[in-house]
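Taking it in order: structure first as structure tokens, then the write-up.
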2 protein chains.
Amino acid sequence: MKIPQNIKVAVDAVVFGYEQKELSVLLIKRGVEPFKGSWALPGGLVLENESLEDAVQRELQEETGVTIDYLEQLYTFGIPGRDPRNRVVSVTYFALVSPNNFKISADTDADEVQWFSINELPELAFDHDKILSIALKRLKSKINYQPIGFELLKKEFPFSDLEHLYQTILNRKIDRRNFRKKILSFGILTETDKIHQPSSGRPAKLFKFNAQKYKELQKSGFHFEIKFA
Amino acid sequence: MKIPQNIKVAVDAVVFGYEQKELSVLLIKRGVEPFKGSWALPGGLVLENESLEDAVQRELQEETGVTIDYLEQLYTFGIPGRDPRNRVVSVTYFALVSPNNFKISADTDADEVQWFSINELPELAFDHDKILSIALKRLKSKINYQPIGFELLKKEFPFSDLEHLYQTILNRKIDRRNFRKKILSFGILTETDKIHQPSSGRPAKLFKFNAQKYKELQKSGFHFEIKFA
DNA sequence: TTCATTTAGTGTTGATTTTACACAAAATTA
DNA sequence: TAATTTTGTGTAAAATCAACACTAAATGAA
């Protein structure tokens, strides 16, 4: 005799943002038990007729109002007991948001959505700390072999922003000359004619990531890959 | 008004084996509709109280009798309509089997389980061709940066087996001297005192993968990584 | 107005890694 | 014993990586 399966499917997203040389994660404060009042990753149950990706986008829209620039599946968690109420299998996603879309929508309760610096995280509900740590690992590893760092910057950015981004995420110094040389050698950045005036110091040219060019290069076997001194 | 969610959770596994310089995948012939009579990846619904990994192991045991040497989560598929009956979210796994465990258990119906060379695949049920192609991509990419190739060989193997394995999976020639030099330089192989007599030609020393050593090296920052001419 | 401070921008050299490449050694079979 | 098969090995040129420091252009303060 078979017992009918009753497992709920949820999605959760680890959304990263970067501003002011700080890497942050988007969290929501839970309004219901269990873990009422705790911070958690945005997410929720998948609806009957929507794809997993649609579910993530919908939940992010509903809960945070934030627009996502990059989204990929991270990992699926399904150990019985990870949710104290029911069996929930959670498909988690990894998302990046550019500073342009950093702001939290006005129609969400600001009390309940917040960016947290990766260095000052609160305790998280469920197994969300584990999910977050896997996402962070993915980010740290992936920026080395895929040009996803640009998703965390404005469309046009001074080179030093990219440099600082890598240093922040990888948490170490990078040789400026070697880094610039390497990235520029890929030929996937376009120099704009605009310049950026920092609060003090020499003005900087603005660059933008050329996704079109990147795709072409990919087709001819090019592989984005960074190694550091 | 909320409609209660009714989504089933399944697991499916792409199991790779390697023998006679051929890479193969383990498939089962479906005994029930839909796709009755078609070949498909082994898998099935997750039980109420088992973890996803346990579900994969159980299904593989039940359906194929094959013992798995390496298992990792691959990707989760959840587009509505991928199963014509119900909404099914399938968490897929990627598995490797060594030739020692290659044989299909006697208590399964041999008619319904079979190894297929990656070059002579039948049509597959559901979206299993897509799953398989992602698994293959993963395998091709992962053998370059993780020592998982050994899971597809016997515990003790002549060096040329490793060489052929890489050539088969990557589908290209590899320089024998450079390959050997690189792999040996890692220090994760132990030379046994046994030798292997090929059907003709010079006898070869047998090596084995030293998982212990690999773990130690990993801790001190070593990273398995292969690049080829 | 110039001096101190801040950030952007740039090349060279030595060390290391990668690539290309060919022949001798040990066994089997005819 | 000659032909065939597979193992095992070194070197040199090319490419990449790693280390390293000063000048340029702006701002703000003295």
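Naming: A, B, ... by sequence-line order, numbering from 1 per chain.
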Atom-to-atom span, [atom1] of [X] to [atom2] of [N] - whole angstrom:
X        : N      : atom1 : atom2 : answer
A:Glu191 : C:dA8  : CD    : P     : 14 Å
B:His164 : D:dT5  : NE2   : C1'   : 11 Å
A:Phe179 : D:dA18 : CZ    : C1'   : 16 Å
A:Ile174 : C:dA8  : CD1   : P     : 15 Å
B:Ile183 : D:dT9  : CD1   : P     : 15 Å
B:Arg180 : D:dG10 : CZ    : P     : 11 Å
A:Lys21  : C:dT6  : NZ    : P     : 12 Å
A:Lys205 : D:dA25 : NZ    : C1'   : 13 Å

Interatomic spacing from [atom1] in [X] to [atom2] in [Y] - rounded to 0.5 Å:
X        : Y        : atom1 : atom2 : answer
B:Asp69  : B:Asn100 : CG    : CG    : 7.5 Å
B:Lys182 : B:Asp175 : NZ    : CG    : 12.0 Å
B:His128 : B:Ser90  : NE2   : OG    : 6.0 Å
A:Leu153 : A:Lys208 : CG    : NZ    : 14.5 Å
A:Ile118 : A:Leu23  : CD1   : CG    : 5.0 Å

Residue of the set B:Phe179, B:Phe209, B:Phe222 for which ring-ring contact (aromatic ring centres under 6.0 Å, His included) holds with B:Phe186: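 In the set B:Phe179, B:Phe209, B:Phe222, the residue that makes a ring-ring contact (aromatic ring centres under 6.0 Å, His included) with B:Phe186 is B:Phe222.
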Which donor-acceptor pairs under 3.5 Å do side chains of residues 52-60 of chain A form with protein atoms, sequence neighbours excluded?
residue, atom, partner, partner atom, Å
A:Glu53, OE2, A:Tyr93, OH, 3.2
A:Asp54, OD2, A:Ser51, OG, 3.3
A:Arg58, NE, A:Glu50, OE1, 2.9
A:Arg58, NE, A:Glu50, OE2, 3.3
A:Arg58, NH1, A:Glu62, OE2, 3.2
A:Arg58, NH2, A:Leu45, O, 3.2
A:Arg58, NH2, A:Glu50, OE2, 2.6

A:Ile79 atom CD1: more than 12 heavy-atom contacts under 6.0 Å: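 Not buried by this count: 12 neighbours or fewer within 6.0 Å.
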Footprint string (nucleotides 21-30 of chain C, 5' to 3'): B base within contact, S backbone only, - free, heavy atoms under 4.0 Å: BB--BBBS--
Ring centres under 6.0 angstrom apart (B:Phe16, B:Phe94):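 That pair passes the under 6.0 Å test.
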Terminal axes of the helix from C:dT1-D:dA30 to C:dA30-D:dT1 (five pairs each): angle between them, nearest 10 degrees: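 The value is 0°.
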